[in-house]
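Input: a single structure, listed below in structure tokens.
Whatever order the structure lists them in is the order used to number ligands and atoms, beginning at 1.
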Amino acid sequence: MSSAASAPVLDSSTPLLELRQVSVSFDGFWALNDLNLSLAPGDLRAVIGPNGAGKTTFLDVITGKVRPTKGDVFFRGRSLVGLPEHRIARLGIGRKFQTPRVYQNLTPRRNLELAVSRRASPFDLLFGRLDATARDRVQELLEVVGLHPYAHQKAGGLSHGQKQWLEIAMLVAQDPQVLLVDEPVAGLTDEETELTAALLRQLAGAHTVLVIEHDMEFIRDLQAPVTVLHEGHVLCEGSMDEVQSDPRVIEVYLGSETEAA
Ligand code: ADP
Ligand code: MG
């Protein structure tokens with residue numbers, strides 16, 4: 001044990017991100033109910049669950065948008081509960097929302113320059129001055145997401161999938177340790193969906209990546225452990241094959257499909 005009482009103890013057994021018995025009540029309705037989840041550095045994790053399972057609320061609790069009614073959220077051994085969203089983001093937890101939020105009138109390169117240079121002065125930004133390291137980083141990110149051939153056209157003209165990848169690159173530009181990605185392949189073509197799975201697999205390792213999705217083919221393609229949420233609780237965890245053959249999962253999904261039909 002460390003003798004420094006104020007510093008959290010960090011060793012290889014400390015999860016990077018941990019939710020401990022988290023519950024969230026919205027006026028008496030429990031959107032999350034005793035949720036436990038733990039991620040190690042570099043993990044890639046898929047979270048699935050029928051509509052209303054609590055998936056988005058679960059991300060809201062990590063990013064500080066929603067405060068847990070009970071339980072605690074730890075990042076690198078420190079509680080995040082009560083911190084404002086921008087502080088949590090700055091600690092290294094980045095979130096990709098469902099709809100892309102890129103500057104349509106700027107090129108992918110310019111979008112990325114702005115994301116990379118959050119720490120540059122407004123004066124430098126105004127005159128488009130970036131140091132060589134930042135320019136290299138922008139080029140590298142363009143290549144990682146396959147947008148280098150489109151670097152100089154307006155982002156507004158990109159396909160929906162390309163805009164999603166640009167936004168993922170803008171998130172990565174800020175060097176977060178954790179990437180939270182909510183339904184990245186909704187509305188994408190099959191080919192774009194496959195490329196998105198490959199991209200997220202590539203980003204894991206250097207980052208901890210948590211992906212929420214409905215698309216089962218995509219989840220299978222991620223080749224990552226799957227956590228199934230149901231009624232705000234972890235129903236089961238395992239490989240895609242394991243969870244798909246779990247009778248509880250089948251029942252939950254068949255139940256929700258019958259309702260939706
Ligand atoms: P998912 O993303 O898995 O579809 P959500 O986390 O969005 O589920 O929602 C879980 C449950 O909590 C749903 O029943 C939803 O209606 C409810 N809920 C979510 N946000 C609020 C809120 N701000 N106020 C009241 N109920 C909410
Ligand atoms: Mg949702």
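To the nearest 0.5 Å, the span separating CZ on R201 from CG on L199 amounts to 10.0 Å. Summarising the geometry, atom CG belonging to D215 is positioned 11.5 Å from atom CZ belonging to R220; distances are rounded to the nearest 0.5 Å. To the nearest 0.5 Å, atoms CZ (F218) and CD1 (I48) are separated by 12.0 Å.
A 6.0 Å sphere centred on CD of E85 holds more than 12 heavy atoms belonging to other residues, nucleotides or ligands. For F74, the CZ atom sits in a packed shell: over 12 heavy atoms of surrounding residues, nucleotides or ligands are nearer than 6.0 Å.
Atom 7 (O) of ligand 1 has T56 CB, 3.8 Å as its closest protein atom, hydrogens excluded (heavy atom only). Protein heavy atom in closest approach to atom 19 (C) of ligand 1: F26 CE1, 3.5 Å. For atom 5 (P) of ligand 1, the nearest protein heavy atom (residue, atom name, distance) is T57 OG1, 3.6 Å.
Taking backbone and side chain together, T57 holds no N, O or S atom under 2.8 Å from the Mg ion (ligand 2).
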Run the side-chain hydrogen bond (donor to acceptor under 3.5 Å, both in side chains) test on S159 and E192 for me, step by step, so that the C-alpha distance in whole Å, both residues' side-chain angles and the decisive distance to 0.1 Å come before the verdict. CA-CA 10 Å; S159 74; E192 286 175 336; 2.8 Å; yes
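Polar contact check, A53 against ligand 1: a nitrogen or oxygen pair lies under 3.5 Å apart. Between G52 and ligand 1, an N or O atom pair is found at a separation short of 3.5 Å. Geometrically, ligand 1 and G54 share a nitrogen or oxygen pair separated by less than 3.5 Å.
Set against the non-hydrogen atoms of N51, the atoms of ligand 1 under 4.0 Å away are 4 (O). Short contacts between ligand 1 and F29, defined as distances under 4.0 Å to a heavy atom of the residue, involve ligand atoms 11 (C), 12 (O), 14 (O), 17 (C).
Contact annotation for atom 3 (O) of ligand 1: protein present (non-hydrogen atoms, distance under 4.0 Å). Within 4.0 Å of atom 15 (C) of ligand 1, not a single protein heavy atom is present.
Checked for salt-bridge contact, R248 and E251 miss the test: no charged N lies under 4.0 Å from a carboxylate O.
Heavy atoms only, all atoms of each residue included: R137 and D175 are closest at NH2-OD1, 3.4 Å.
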